[in-house]
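Each chain gets a letter, A, B and so on, in the order its sequence line appears, and its residues count up from 1. Keep in mind that what you see is a predicted model, and the values were worked out from it rather than measured.
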Amino acid sequence: MTTLDHAKVSESRPNPPKSLITKLNMGTGMIVGIVFAEVTYFWGKSMWDRQEAVMENRILTLSMFAWCIGFLIGIGAFIGPFRWLIGKDLTDEEQLFLAGKGQGVSRYFRYCTDHKVVGIQYLVGVMVMLGAGGTMAMMIRTNLITPGSKWVNAEIYNSLVGLHGITMIVAMIIVSTGPFGNFILPIMIGARDMAFPRLNALSWWLLFTAIPVLCSAWFFGGIPTGWTAYAPLSVQAGAGMNAFIVTIIIFAISSAIAGANITTTVVAMRAKGMKWNRVPIFVIGATMSVALAIPAFPSFMASQMMAGFDRTIGTHFYDAEFGGSGWLYAHLFWIMGHPEVYVILIPGVAILMEIAPVFARSPLFSYTTAVVGFAGIVGLSVLVWAHHMYISGWMPSLNGPFMVTTEMISIPTGLLFLVLLGTIWRGRPWMKLPMLGVYALIWNFLIGGITGIYLSDVPADDYLHGSMFVTAHFHYTLMGAALTGAIAGLAYWFPKMTGRMLDERSGYISFWTVQIGFQVLFLGMFAAGSQGQPRRVADYEQAFATSDLISTIGAYLVGIGMIVLLYSVVHSWRKGKIAPMNPWGAKTLEWTVPYPIYLENFHEAPVVTSDPYGYGRSEK
Amino acid sequence: MSDQHEVTDLAPTPGERFRNAFNSRDVKITMVFGVIITAFFVLLGLWFYPKFMPEIMSENMKRGKDVIVYFTVISAPIAGLVIAVALYTLLNRHHGENPPEEGASFRTHTPIVFAWTVVSAIFCIVAIVWGLTEMNVNSEDATANAKSALVVEVTGSQWVWTFNYPELGVQSEQLNLPLDRAVEFRVHSVDVNHSFWPVQLGVKVDANDRVTTLAHTTPNVLGTIDIKCAELCGLYHAYMETQGKVMKEADFNNWVTAQGGHVA
Ligand SMILES: [Cu+2]
Ligand SMILES: [Cu+2]
């Protein structure tokens, strides 16, 4: 097999078909999108030229949707469906062209249906979003470096908080299932592509159209509501809020498509012999995550559509003066919001469960326990949303039941720890970059979990709710656990996705700087929260000065570490050491294909005879 | 007879296996780590929250803080065990370019999975029962004092709090409360959502437009209360704060009279 390593597979360059499809790419998409948006804008202006906020919101919202539709038309997303309408379909040559056969780099800028291309598109997109969100985090912490710093004014500060929040949440939802769920997952299960390759391209390019929309918020007065966008504040907010609403609606559609696609692929396209108990645990985790997103995100979409109606056509869903209710918003939001936490967390943990056996050279400890743990979390996570509303006054008599369901999540969560610990126990952990993530997760997730138990407790939450303590807690779970898992996954699969090894030295430097900075940052924030500093404040009193200064110093360390990581990724991608086919000696299917990976992944369909965790001394 | 003897030689009884497991070097070292880390977390919990949380001026605040401290203490052994296992494996770590030799090969261990689940379920039940009990005590206090409670209407508006004492005919931007008398805060907003947070009293409730929400407590220490808004409410959210005072009843009555109110 090793002779196949880095064999340059000469795929013959077919003559491109004579078709409109070959002329379309990201550039034509943007041109058509901008034209659509402009036309809609001026048409709207001519229709409703009154200087009312409702009209302005209506025009902007429609223009943003027009951009999105125009872009998709311009990039050729609707050519296939249009052909169906007239009773035809794409020709074989056109389909091969869409799959990116023999097109080099240009396929990354097209409506490409190859899951590997989509995976790389997601990876780059996520990195851009994390970079933007991280920069905003640095600005937030800079403003909080001393009381009364007034580095930015309250208006800009509030916008930063909202944009940082929503950018990071969107990025974190796709950070693992986007790049690895698309690139690696189909190969892991021995499939030739995703179940619905065109929908795969659609999910990415839909998400792409949301990015400029979200950025535009900055120019329309920002998102001054935090990422939760509570009504009626969001109804009162300026034009930037429209961008938030449109972004969420597009994102909900994109993630529903991606979720249906990944779920179908895993259910229907596994290699021969890959029974459910032989499916790699990352595949299980990613599937559960996207499957949980399918019921959760429509609720978010509905909440934003109603906010959009309130803002653009004058309905009163959230307006108490006319019989609406802000609690309605809170419910719709958190019915998405709590499951969403686990949509983010589960793939990160699952990646580390994939990594731990490889580097400890021990089987995954109790595969069934891992699956039960994930399933338990998924099941319970839809029953806990009102723990975000203990102090809302909505229905204090239900606080008890919600406290019970919330604290029950600690049982399946504990099982995940058992699986990781059982896997590394009595192993000889190979301290490569991906393995460091396992240890970082154990520490961070433990802190995030224990502080989560305080917050789930009503008498304690009476004090801690809405304070910096909450912010610190969920950063421990989302960043300390889920992002750590995603970065470990990047280090682990980098050789398969780029053909090169991720540079170790800069990787280690980045890992330690980020993790140490992270502890400092959020230890300071736990202290500030305990002292009684509310979250999302542009300014604070002298009493919190030391805690906040410590937080800011930690934040800068995280920032430096992340820049080193970015350098490491960019440098390694261009000039890194060429990777062997299976650098870690892993047993999942993606390590059996050479780089560059063939268009359809496998020359011969693989047959699976056991689960991929057959490590250990006494095993055959 | 001799048959049986041989069998026990080959296959130790569950009790022996249990004892043997604890005699192994791995387990001993891990347990030492575990004890040290547990102690660390216990001390951290006992030190951190009392150090950073503000003065306790009501039973509600005390209960909230106790929950946080005691939960830290009872979760310390779990944290200790988890981190000890992770640390112990690091003692055997392997560096280098090639994978290490194969590790242990157990795929699962039913008694451990079972024990782990039972222990975490017990921990979970303790946390739930504790929380429900404290919550009930809070609400029983509230009901018991419902009749005698001083009513304070709290209005949140962008970006000030105003306090109205309907029984006393006083309206103020400063919250003054008499010592050891139960209060009922009736909270609402005239615009967006706010969250009324008298920090040292350990209660908090959202202020919603056209809805009245309630919070109950009894201030039992003289001193200053920081009043903040805990829900992002627009531009000057950070500055939506004021101070309050818990004062002796006589002082409170004097203040009421000075404000033009009538002492009940
Ligand atoms: Cu939640
Ligand atoms: Cu407020």
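Neither the backbone nor the side chain of Y329(A) comes within contact range of chain B; no heavy atoms are under 4.5 Å apart. For chain B, the nearby parts of F365(A) are the backbone and the side chain; heavy atoms of each come within less than 4.5 Å. Heavy atoms of T413(A) lying under 4.5 Å from chain B are absent altogether. Both the backbone and the side chain of E321(A) come within contact range of chain B, judged by heavy atoms closer than 4.5 Å. In this structure, the portion of L364(A) lying under 4.5 Å from any heavy atom of chain B is its backbone and not its side chain. Heavy atoms of A237(A) lying under 4.5 Å from chain B are absent altogether. Residue contact with chain B, scored on non-hydrogen atoms closer than 4.5 Å, is absent for W394(A). With a 4.5 Å cut-off on non-hydrogen atoms, L446(A) touches chain B through its side chain but not through its backbone. Looking at D461(A), only its backbone comes within 4.5 Å of chain B, counting heavy atoms on both sides. Only the backbone of A360(A) comes within less than 4.5 Å of a heavy atom in chain B; its side chain stays farther off. Residue contact with chain B, scored on non-hydrogen atoms closer than 4.5 Å, involves the backbone and the side chain of S392(A) alike. For chain B, the nearby part of F544(A) is the side chain; its heavy atoms alone come within less than 4.5 Å. For a residue to count as touching a neighbouring chain, one of its non-hydrogen atoms must lie under 4.5 Å from one of that chain's; by this rule P224(A) touches chain B with the backbone only. Both the backbone and the side chain of L415(A) come within contact range of chain B, each with at least one heavy atom under 4.5 Å from a heavy atom of that chain.
For NZ of K587(A), the number of neighbouring non-hydrogen atoms (other residues, nucleotides, ligands) closer than 6.0 Å is greater than 12. Applying the 6.0 Å contact sphere to OH of Y508(A) captures more than 12 heavy atoms from other residues, nucleotides or ligands.
Side-chain contact check for D539(A) versus H237(B): every heavy-atom pair is 4.5 Å or farther apart. By the 4.5 Å heavy-atom criterion applied to side chains, P459(A) and N60(B) are not counted as neighbours. Contact check for T30(B) versus W425(A): side-chain heavy atoms found under the 4.5 Å cut-off.
Look at E541(A) and K228(B) and you find a salt bridge, because one of the NZ, NE, NH1 or NH2 atoms lies within 4.0 Å of a carboxylate O, short of that distance. A salt bridge is absent between R361(A) and E101(B): the closest approach of a Lys/Arg side-chain nitrogen to an acidic carboxylate oxygen does not fall below 4.0 angstrom.
Options E155(A), M403(A), M408(A) differ in how many heavy-atom pairs under 4.5 Å they form with chain B, and the most are formed by M403(A). Heavy-atom pairs under 4.5 Å with chain A were tallied for I68(B), T213(B), V67(B); the largest tally goes to I68(B).
Below 30°, between 30° and 60°, or above 60°: for W443(A) and F41(B) the angle between ring planes is between 30° and 60°, a tilted geometry. Between F71(B) and Y454(A), the ring planes are tilted. Angles from 30° to 60° get that label.
We find the NZ-NE2 distance between K432(A) and H95(B) to be 10.0 Å, quoted to the nearest 0.5 Å. To the nearest 0.5 Å, atoms CZ (R107(B)) and OG (S366(A)) are separated by 11.0 Å.
Between W116(B) and F417(A), the gap from one ring centroid to the other reaches at least 6.0 Å.
Between the side chains of Y439(A) and T89(B), at least one donor N or O lies within less than 3.5 Å of an accepting N or O.
When atom types are taken as modelled, the side chain of E407(A) and the backbone of I128(B) share a donor-acceptor pair closer than 3.5 angstrom.
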